[in-house]
Amino acid sequence: MENTKELRTWLNDMDLGHPLVIAGPCSAETEEQVLRIAKDLKDTDVNYYRAGIWKPRTRPGMFEGVGAIGLKWLQKVKEETGLKTATEVANRAHVELALEHDIDLLWVGARSTVSPFIVQEIADALEGTDKIVLIKNPVNPDLALWLGAVERLHKADIKKLGVIHRGFSTYEKTKYRNIPEWQLAIELQTKFPDLPIINDPSHITGKRDMIFDVSQTALDLNFDGLMIETHHDPDNAWSDAAQQVTPESLVQIMKDLKIRKETDAEAEYNSKLSNLRAQIDIFDHQLIETLGKRMKVSDGIGVIKKQRNVAVLQSNRWNEILGKMILEGESKGLSEEFVLRMFKAIHQESINHQEKIIKS
Ligand code: PEP
Ligand code: MN
């Protein structure tokens, strides 16, 4: 992508002085519900009012959205509250209807970003419009697929672009609904620092009491904004009930969040920061050194196993290591989840090494 500098213009032009906020229900349910929540959000920091009209659901038989009628309700929101509107589009017909109803911001959902055919169809339908288009990350942690979608829209001459980080699905059980894999979002920011990036803590956490923490992490990582699902009666929402917050909670969350400055010219700050970064560099170097040494020892075990014709995978030994390390990790302030993930990766690398030896 070239000329990425201008990708940010739409956001800079808004001159917000705070992160961009997109809020509103997961789904539009009734006209009354859509208008009621919008009125509650009218005099807050919310910049765009979101509501899903067509809902991509994992399994059939769940509520799949009210359809085009919901767009009329969003038009009414704009008339009655002045809030700008946002919805998800997943095909050409959605785009055309959304444009007809003057929706201000369109987003491409995680289940659409995985499909270059769908993304291309959306890009073609949007060609030449000046709408803001935000692309959610694909459900699987694939940066190239995410970037590919951004590029398709960029090629269709969409100038007001951005991405939404909503986490990634995983087979493993974690405390998140979709694991954040922050390093992927950071890699994207490093590659395209001018591409606005919004965090969606609602779909990352799946639980309303974790939304504040994830939002704060996102702001600490210089994200440009937040998309937070908001409903006047979250427990009775027709979709994503557990993760929606009330308008009052949203206001409280926004108040409690610390908005950090991207840089601080103050000399003292700079010298402290470079000092801490230098320490990190040293520890990272040591980590690699130690892992390299550990793998050499593991190779030695592989040699013995080969001589004795013993299986590479020794489950008992592995469980013993895990149990010990989780306890040790805990005493150093490391979460069980992190220790598990790290040792699974180390163990896998060990197995790969030993397998190579045994097959040689
Ligand atoms: C949504 O925003 O309601 C939604 C369906 O999100 P995602 O595409 O991230 O699952
Ligand atoms: Mn949702």
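Given the structure is predicted, the values throughout are model-derived calculations rather than measurements.
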With a 6.0 Å cut-off (strictly less than), is the heavy-atom count around [atom1] of [X], excluding the residue itself, greater than 12?
| X | atom1 | result |
| --- | --- | --- |
| L287 | CG | yes |
| K42 | NZ | no |
| D281 | CG | yes |
| E32 | CD | no |
| K76 | NZ | no |

Residues that F338 engages under ring-ring contact (aromatic ring centres under 6.0 Å, His included), provided they are two or more places apart: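 In terms of ring-ring contact (aromatic ring centres under 6.0 Å, His included), with neighbours along the sequence ignored, F338 is linked to no residue.
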With a 4.5 Å heavy-atom cut-off, do [X] and [Y] have their side chains touching?
| X | Y | result |
| --- | --- | --- |
| K136 | D200 | yes |
| T58 | R111 | yes |
| N137 | V163 | no |
| L7 | V150 | no |
| R166 | V139 | yes |
| R177 | K207 | no |
| I37 | Y49 | yes |
| T290 | R294 | no |

Can you tell whether the side chains of [X] and [Y] come within less than 4.0 Å, N to carboxylate O?
| X | Y | answer |
| --- | --- | --- |
| K159 | D157 | yes |
| K332 | E328 | no |
| D102 | K131 | yes |
| R208 | D235 | yes |
| K191 | E151 | no |

Let me check something: do [X] and [Y] share a hydrophobic cluster, defined by ILVMFWY side-chain heavy atoms less than 4.5 Å apart, either directly or through other members?
| X | Y | answer |
| --- | --- | --- |
| L327 | F343 | no |
| W318 | M325 | yes |
| I351 | V303 | no |
| M342 | L340 | yes |
| L143 | V114 | no |

Answer yes or no: is there a donor N or O on one side and an acceptor on the other, between the side chain of S27 and the main chain of G52, under 3.5 Å?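 Judged by distance alone, no pair lies under 3.5 Å.
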Just by distance, with hydrogens left out, do [X] and [Y] show a side-chain donor and acceptor under 3.5 Å apart?
| X | Y | result |
| --- | --- | --- |
| N352 | Q348 | yes |
| H353 | D299 | yes |
| D240 | Q244 | no |
| H232 | Q33 | no |
| S298 | Q354 | yes |
| Q189 | E187 | no |

E181 vs R341, test: salt bridge (charged side-chain N to carboxylate O under 4.0 Å, His left out). Steps then yes/no. CA-CA 12 Å; E181 302 280 21; R341 276 168 78 106; 3.4 Å; yes
Compare every heavy atom of [Y] with every heavy atom of [X], then report the nearest pair and how far apart it is.
| X | Y | value |
| --- | --- | --- |
| N47 | K84 | O-CB, 3.7 Å |
| I228 | P201 | CG1-CG, 3.8 Å |
| H165 | N199 | ND1-ND2, 3.1 Å |
| S112 | I118 | CB-CG2, 3.8 Å |
| C26 | R50 | O-NH2, 2.9 Å |
| L99 | A125 | CD1-O, 4.3 Å |

Atom pair [atom1] ([X]) and [atom2] ([Y]), whose distance is rounded to the nearest 0.5 Å:
| X | Y | atom1 | atom2 | result |
| --- | --- | --- | --- | --- |
| W73 | E80 | CH2 | CD | 14.0 Å |
| L106 | I135 | CG | CD1 | 11.0 Å |
| N12 | E6 | CG | CD | 12.0 Å |
| E121 | L126 | CD | CG | 10.5 Å |
| S215 | L257 | OG | CG | 5.5 Å |
| L97 | I69 | CG | CD1 | 11.5 Å |

Which residues, ordered by chain and number, are linked to V310 in its hydrophobic cluster, where ILVMFWY side chains connect at heavy-atom gaps below 4.5 Å, directly or through other members?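 Answer for V310: none, a lone residue.
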Members other than L16 in its cluster, when Ile, Leu, Val, Met, Phe, Trp, Tyr link by side-chain heavy atoms under 4.5 Å?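 L16 clusters with W10, L11, M14, L20, I22, Y48, L105, W107, I132, L134, I164, I198, M227.
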Check the orientation of F223 and W182. Use parallel for under 30°, tilted for 30 to 60°, and perpendicular for over 60°.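 Perpendicular, since the angle between the ring planes exceeds 60°.
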When the ring planes of W238 and F63 are compared, do they come out parallel, tilted or perpendicular, using 30° and 60° as the limits?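 Because their plane-to-plane angle is over 60°, the rings of W238 and F63 count as perpendicular.
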Let's go through L250 and V46 carefully: what are the C-alpha distance in whole Å and the side-chain angles of both, what is the deciding distance for side chain to side chain contact (heavy atoms under 4.5 Å, CB included) to 0.1 Å, and is it a yes or a no? CA-CA 9 Å; L250 179 77; V46 173; 3.7 Å; yes
Between I179 and E172, does the side chain to side chain contact (heavy atoms under 4.5 Å, CB included) criterion hold? Intermediate values first, please. CA-CA 10 Å; I179 50 173; E172 282 173 49; over 6 Å; no
Test F212 against every option in D256, T205, T217 by the side chain to side chain contact (heavy atoms under 4.5 Å, CB included) rule and name the one that passes.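 Between F212 and the candidates, side chain to side chain contact (heavy atoms under 4.5 Å, CB included) is satisfied uniquely by D256.
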For side chain to side chain contact (heavy atoms under 4.5 Å, CB included), just list the numbers for N91 and W54, CA-CA rounded to whole Å, side-chain angles, deciding distance to a tenth of an Å, and then say yes or no. CA-CA 10 Å; N91 58 38; W54 301 283; over 6 Å; no
Verdict with supporting geometry, L219 and K258, side chain to side chain contact (heavy atoms under 4.5 Å, CB included): CA-CA 8 Å; L219 295 188; K258 284 194 188 63; over 6 Å; no
Start with the C-alpha distance between D220 and Q216, add both sets of side-chain angles, then the distance that settles side-chain hydrogen bond (donor to acceptor under 3.5 Å, both in side chains), and finish with yes or no. CA-CA 6 Å; D220 290 346; Q216 186 63 66; 3.1 Å; yes
Pair E229, H203 - check side-chain hydrogen bond (donor to acceptor under 3.5 Å, both in side chains), show working. CA-CA 9 Å; E229 289 189 339; H203 290 89; 3.2 Å; yes
